[in-house]
Structures are given as structure tokens and as C-alpha cells.
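Proteins get letters first, then strands, A, B, ... in listed order; numbering begins at 1 in each.
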Amino acid sequence: MIEMDEAFFDRVYDQVRAVPSGTVCTYGTIARLAGYEGASREVGVAMSRVQSAWNLPCHRIVNAKGTLAPSYAFGGKDRQRHVLEDEGVTFIDDDTIDMDKHVWPLSERPRQMSLFD
DNA sequence: ACGTTGACTCCTA
DNA sequence: CTAGGAGCCAACG
């Protein structure tokens, strides 16, 4: 059977669950993998509706710049950073993830593909 | 059914 | 580096 109405949220959450520990994923990537490319903003809305009991690793979802979610999420950026660091994610700043090392999946990296770099 | 809104992204100055 | 604006898509009142 096919989910129809809540397909968007369900697919988004399913993709969030698919993000491995120690990596991070951007809203845009989640949207794309869920089949809603360009709906990055809606992914953010979906995250805001996540409840703790769902066990979604929403702390692994960050924006394209690698900065953490606003303070009102996770009870503060420090909390989110701590969780990510505990999973092995490294930061270049207190609020900025070292994206090129931890973004997932590798093939979804945002326009950084220099073949000869 | 239309207009607003949002844990976004990209481009320009 | 920061600031502002436009584009994008789905949910909500």
C-alpha cells in the first residue's frame, strides 16, 4: 500500500532515520532523497514537528552551510553540537560542522565536486 | 481556495 | 565576514 497524504512527512522522516551516525545531512538532501527536491524549507518544518519519542536523529540534519539549527531546537546549539561530537562529527567552529568530512551521502555533496582537487 | 509562513538555499553587494 | 533579496515547495489558517 502506498502512503498518500502524509507521504511527505513520512518520507522525510524515513530519510532522516537513514542518516548514519557520525555523518550529517542537509535539508535539501533530505528533500531530494525523499523525492521532493527543492522542498528544503518544508523539511525544516517537518523537523520542527518531530517529537522526541519518534527517535529521529534530527540533530544530524543541518543547513547547507553546516551551521547548527537555531537555539530553540535541541534546547540549544551546545546540546546539538555535543551530540554530534559524541557521534564522531568534527567542527570547524563552535557552530559549524566540517561538512566535507561528514556530509552524507557523499554523492549528494553540494557543488563541491572538483575532480582534480 | 488563497495568502502566509518556515529548523532552507542561492546569489549579489 | 555580514546583510538583503528572490526562488523554491508543501503545510496551515
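Scanning residues 12-23 of chain A for heavy-atom distances under 4.0 Å to DNA chain C yields an empty list. Residues from residues 40-59 of chain A lying near DNA chain C, meaning a heavy-atom separation below 4.0 Å, are A:Arg41, A:Glu42, A:Arg49 in numerical order.
To the nearest angstrom, C1' of C:dC8 lies 11 Å from CD of A:Glu37. Between A:Asn63 atom CG and C:dC8 atom C1' there is a gap of 16 Å when expressed in whole angstrom units. A:Ile30 places its CD1 atom 15 Å from the C1' atom of B:dT9, with the value rounded to the nearest Å. Atom C1' of nucleotide C:dA10 and atom CZ of A:Arg11 are separated by 14 Å, given to the nearest angstrom. Distance CZ (A:Arg32) to P (B:dC8): 17 Å, rounded to an integer number of Å. Here B:dA7 presents its P atom at 22 Å from CZ of A:Arg60, a figure rounded to the nearest Å. Atoms OH (A:Tyr36) and C1' (C:dA11) sit 12 Å apart, rounded to a whole Å. In this entry the distance linking CZ of A:Phe8 with P of B:dG6 reads 16 Å, nearest Å.
Sorted by first and then second residue, the ring pair (Phe, Tyr, Trp, His ring centres under 6.0 Å) pairs involving residues 45-70 of chain A (not counting sequence neighbours) are A:Tyr13-A:Trp54.
When each of A:Asp93 and A:Gly38 is assigned the nucleotide of DNA chain C with its nearest heavy atom, A:Asp93 is the one assigned upstream, toward the 5' end.
Just one residue in the list A:Lys101, A:Glu85, A:His102 forms a side chain to side chain donor-acceptor pair (under 3.5 Å) with A:Thr90, and that residue is A:His102. Checked options A:Val83, A:Thr23, A:Val24, A:Val16; the residue passing with A:Pro57 is A:Val16 (criterion: side-chain contact (heavy atoms from CB on, under 4.5 Å)).
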Original post:
Between A:Lys77 and A:Thr67, does a side-chain contact (heavy atoms from CB on, under 4.5 Å) hold up when you go through it step by step?
Top reply: CA-CA 9 Å; A:Lys77 298 181 179 176; A:Thr67 55; over 6 Å; no
Original post:
Stepwise, does the salt bridge (charged side-chain N to carboxylate O under 4.0 Å, His left out) test hold for A:Asp78 with A:Arg81?
Top reply: CA-CA 5 Å; A:Asp78 290 333; A:Arg81 170 160 41 81; 2.5 Å; yes
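Looking at every heavy atom in both residues, A:Leu56 comes nearest to A:Val50 through CD1-CG2, 3.6 Å. Across A:Ser40 and A:Ala31, no two heavy atoms sit closer than the pair N-CB, 3.9 Å.
In this structure a side-chain-to-backbone donor-acceptor pair under 3.5 Å is missing from A:Gln80 to A:Leu68.
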